[in-house]
2 protein chains.
Amino acid sequence: MARKRSEQLTDGEQGIMEILWERGESSVKDIAGALAAEKPVAYTTVQTMCKILAEKGHADFRKEGRAFIYRARMSRTEARQSALKNLLNRFFGSSPELLAQHLMRETDIELKDLEALQKKIDETD
Amino acid sequence: MARKRSEQLTDGEQGIMEILWERGESSVKDIAGALAAEKPVAYTTVQTMCKILAEKGHADFRKEGRAFIYRARMSRTEARQSALKNLLNRFFGSSPELLAQHLMRETDIELKDLEALQKKIDETD
DNA sequence: GTCAACCTACTAACTAATTAGTTTTATTGA
DNA sequence: TCAATAAAACTAATTAGTTAGTAGGTTGAC
């Protein structure tokens with residue numbers, strides 16, 4: 001038997017989504033160009049990955065002349081939310097307090113920073 | 001070309017680690033029994049996964065009579081820290097504030113809960 | 001001593017993920 | 001028109017991950 005296709009973005013998938021979020025609609029060529037800045041990658045590799053992203057529903061595409069133009073269906077915020085939820089359930093028994101505790105321990109974040117954030121959130125609501 | 005073996009715990013791996021964290025040292029039989037409570041799983045499947053966990057360095061084993069007894073090498077806290085750091089870098093541009101913001105938006109966590117946590121952390125230091 | 005159970009080692013099957021080459025098709029400029 | 005070019009479609013190779021069957025050895029019970 002075999003594994004299920006993961007719901008979460010894989011590394012490669014995320015690389016492309018990152019570019020779509022950054023640049024908005026992009027052709028395969030654009031994406032390949034942007035990715036190549038980090039690490040050389042074949043055009044056809046990018047094509048394949050874009051096709052998979054579309055199959056998985058993370059991206060959309062339309063034809064413009066010869067080329068396919070891809071567009072993110074999931075927003076960056078949604079992706080963050082989903083990844084965070086996943087982590088929360090998988091590692092922290094769905095306890096946001098536990099996660100917050102680890103975050104405070106591990107990073108240099110301070111309660112006063114959080115208070116400022118909370119205020120900002122309250123204001124924007 | 002093919003993919004790299006992931007540093008992060010996979011789903012299956014985590015299931016076993018979870019049991020090792022819960023129960024401490026466990027034989028394959030123990031682990032299989034505990035896993036079966038959730039979802040039927042073949043004994044040999046568990047064996048294979050334990051072997052892989054050991055290969056990856058996440059678990060240790062020793063022989064006791066005929067059986068192998070497995071033990072987690074990484075603590076649950078370390079795993080949490082590592083997963084959290086991973087999420088932080090991958091999705092939140094290494095900004096703990098951004099992550100905290102999403103956590104507060106998404107969950108029902110309250111500042112006063114965090115204050116209690118902070119107090120606890122300060123006391124135990 | 002034999003037999004059942006128990007356990008590991010080996011093997012296998014199959015999908016996902018990653019990377020990229022080859023083939024086909026369509027556009028466009030000379 | 002026709003060749004160059006660009007892009008998609010198709011194909012392929014390889015490793016990871018998941019699940020489990022089979023073979024073979026130990027050992028304890030009777």
Side-chain angles (χ1 to χ4, degrees), chain A residues 1-19 25-71 79 83 86 90, chain B residues 1-19 25-71 79 83 86 90:
Chain A
M1 251 168 265
R3 59 189 303 210
K4 283 191 287 289
R5 216 162 195 181
S6 104
E7 277 302 304
Q8 286 289 112
L9 291 173
T10 67
D11 266 31
E13 285 165 6
Q14 207 199 345
I16 291 181
M17 292 302 281
E18 216 69 64
I19 287 163
E25 287 197 335
S26 305
S27 68
V28 175
K29 192 179 181 179
D30 291 337
I31 299 169
L35 282 178
E38 299 267 330
K39 168 170 120 57
V41 61
Y43 186 93
T44 48
T45 302
V46 181
Q47 269 188 326
T48 305
M49 303 228 286
C50 285
K51 215 182 57 185
I52 290 172
L53 269 178
E55 277 168 20
K56 290 192 178 178
H58 298 317
D60 246 347
F61 60 89
R62 63 187 170 79
K63 209 155 195 171
E64 191 177 283
R66 286 166 287 173
F68 282 172
I69 308 292
Y70 284 88
R71 184 175 64 80
N86 193 261
R90 257 168 68 94
Chain B
M1 251 167 266
R3 56 190 303 207
K4 286 190 287 290
R5 217 161 194 182
S6 102
E7 276 303 303
Q8 286 288 112
L9 291 173
T10 68
D11 266 31
E13 284 165 8
Q14 206 198 343
I16 292 181
M17 292 301 282
E18 216 69 63
I19 287 163
E25 286 198 336
S26 306
S27 68
V28 175
K29 191 180 182 178
D30 292 337
I31 299 169
L35 283 178
E38 299 266 331
K39 167 170 119 61
V41 62
Y43 188 92
T44 48
T45 301
V46 180
Q47 268 188 326
T48 305
M49 302 228 286
C50 287
K51 215 183 56 185
I52 289 172
L53 269 177
E55 277 168 19
K56 290 193 178 177
H58 298 317
D60 248 348
F61 62 89
R62 62 186 171 79
K63 209 154 195 170
E64 191 176 284
R66 286 166 287 171
F68 282 173
I69 308 292
Y70 284 87
R71 185 174 62 79
N86 194 260
R90 258 168 67 95

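Each chain gets a letter, A, B and so on, in the order the sequences are listed, and its residues count up from 1. All values below come from the heavy atoms of this structure, side chains included, with hydrogens, waters and symmetry mates left out.
- A/Thr45 comes within 4.0 angstrom of a nucleotide base, judged by non-hydrogen atoms across all strands.
- At whole-Å resolution of the value, CD1 in B/Ile31 and P in C/dC7 are 12 Å apart.
- To the nearest angstrom, C1' of D/dT19 lies 10 Å from CD1 of B/Ile52.
- The list of ring pair (Phe, Tyr, Trp, His ring centres under 6.0 Å) pairs with a residue in residues 39-58 of chain B, not counting sequence neighbours, is empty.
- A straight line from CD of A/Gln14 to C1' of C/dA17 spans 15 Å, rounded to a whole angstrom.
- Across the protein-nucleic acid pair, A/Lys4 atom NZ and D/dT19 atom C1' stand 11 Å apart, rounded to whole Å.
- Among the atoms of the strands shown, base atoms are found under 4.0 Å from some heavy atom of B/Thr48.
- Between the C1' atom of D/dG17 and the CD atom of A/Glu7 lies a distance of 17 Å, rounded to the nearest Å.
- Remark: A/Glu7 pairs with no residue by the salt bridge (Lys or Arg N to Asp or Glu O under 4.0 Å) rule, at least two apart or across chains.
- The salt bridge (Lys or Arg N to Asp or Glu O under 4.0 Å) test applied to A/Arg3 returns no partner, not counting sequence neighbours.
- In this structure, A/Ala67 has no side chain to side chain contact (heavy atoms under 4.5 Å, CB included) partners at least two apart in sequence or on a different chain.
- Using a 4.0 Å cut-off, some side-chain N or O of A/Ser6 falls inside it from OP1 or OP2 of C/dA17.
- Scanning for salt bridge (Lys or Arg N to Asp or Glu O under 4.0 Å) contacts around A/Arg5 gives A/Glu55, with sequence neighbours left out.
- Legend: salt bridge (charged side-chain N to carboxylate O under 4.0 Å, His left out) pairs involving residues 29-43 of chain A, not counting sequence neighbours, sorted by first then second residue: A/Arg23-A/Asp30.
- Applying the ring pair (Phe, Tyr, Trp, His ring centres under 6.0 Å) criterion to B/Phe68, with sequence neighbours excluded, gives B/Phe61.
- Put simply, NZ on A/Lys56 is 16 Å from P on C/dT15, counting in whole angstrom units.
- Between the two ends of the helix from C/dG1-D/dC30 to C/dA30-D/dT1, each summarised by a five-pair axis, the helix axis turns through 20° (rounded to 10 degrees).
- For the atom pair OG1 (A/Thr10) and CD (A/Gln8), the distance works out to 10.5 Å, reported to the nearest 0.5 Å.
- Evaluation of the salt bridge (Lys or Arg N to Asp or Glu O under 4.0 Å) rule for A/Arg66 yields no partner, not counting sequence neighbours.
- Protein atom NE2 of B/His58 is 13 Å distant from nucleotide atom P of D/dA16, rounded to whole Å.
- When the side chain to side chain contact (heavy atoms under 4.5 Å, CB included) test is applied to B/Thr48, the partners found at least two apart in sequence or on another chain are B/Ile52.
- Considering every non-hydrogen atom in both A/Val41 and A/Ala36, the closest pair reads CG1-N, 4.2 Å.
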What's touching nucleotides 5-8 of chain D from the protein side, N or O pairs under 3.5 Å?
from  : atom 1 : to      : atom 2 : distance (Å)
D/dA6 : O4'    : A/Arg66 : NH1    : 3.3
D/dA7 : O5'    : A/Tyr43 : OH     : 3.4
D/dA8 : OP1    : A/Phe68 : N      : 2.8
D/dA8 : OP2    : A/Tyr43 : OH     : 2.9
D/dA8 : OP2    : A/Gln47 : NE2    : 2.8
D/dA8 : O5'    : A/Gln47 : NE2    : 3.4
D/dA8 : N7     : A/Gln47 : NE2    : 3.0

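- At least one side-chain nitrogen or oxygen of B/Arg5 sits closer than 4.0 Å to the OP1 or OP2 atom of D/dG17.
- Residues B/Arg62 and B/Arg71 have side chains not in contact (no heavy-atom distance under 4.5 Å, counting atoms from C-beta outward).
- Rounded to an integer number of Å, the gap from A/Arg3 CZ to D/dG17 P is 7 Å.
- Listed by residue number, the members of residues 34-41 of chain B with any heavy atom below 4.0 angstrom from DNA chain D are B/Lys39, B/Val41.
- Considering only side-chain N and O atoms, A/Thr10 lies under 4.0 angstrom from the phosphate OP1 or OP2 of C/dT18.
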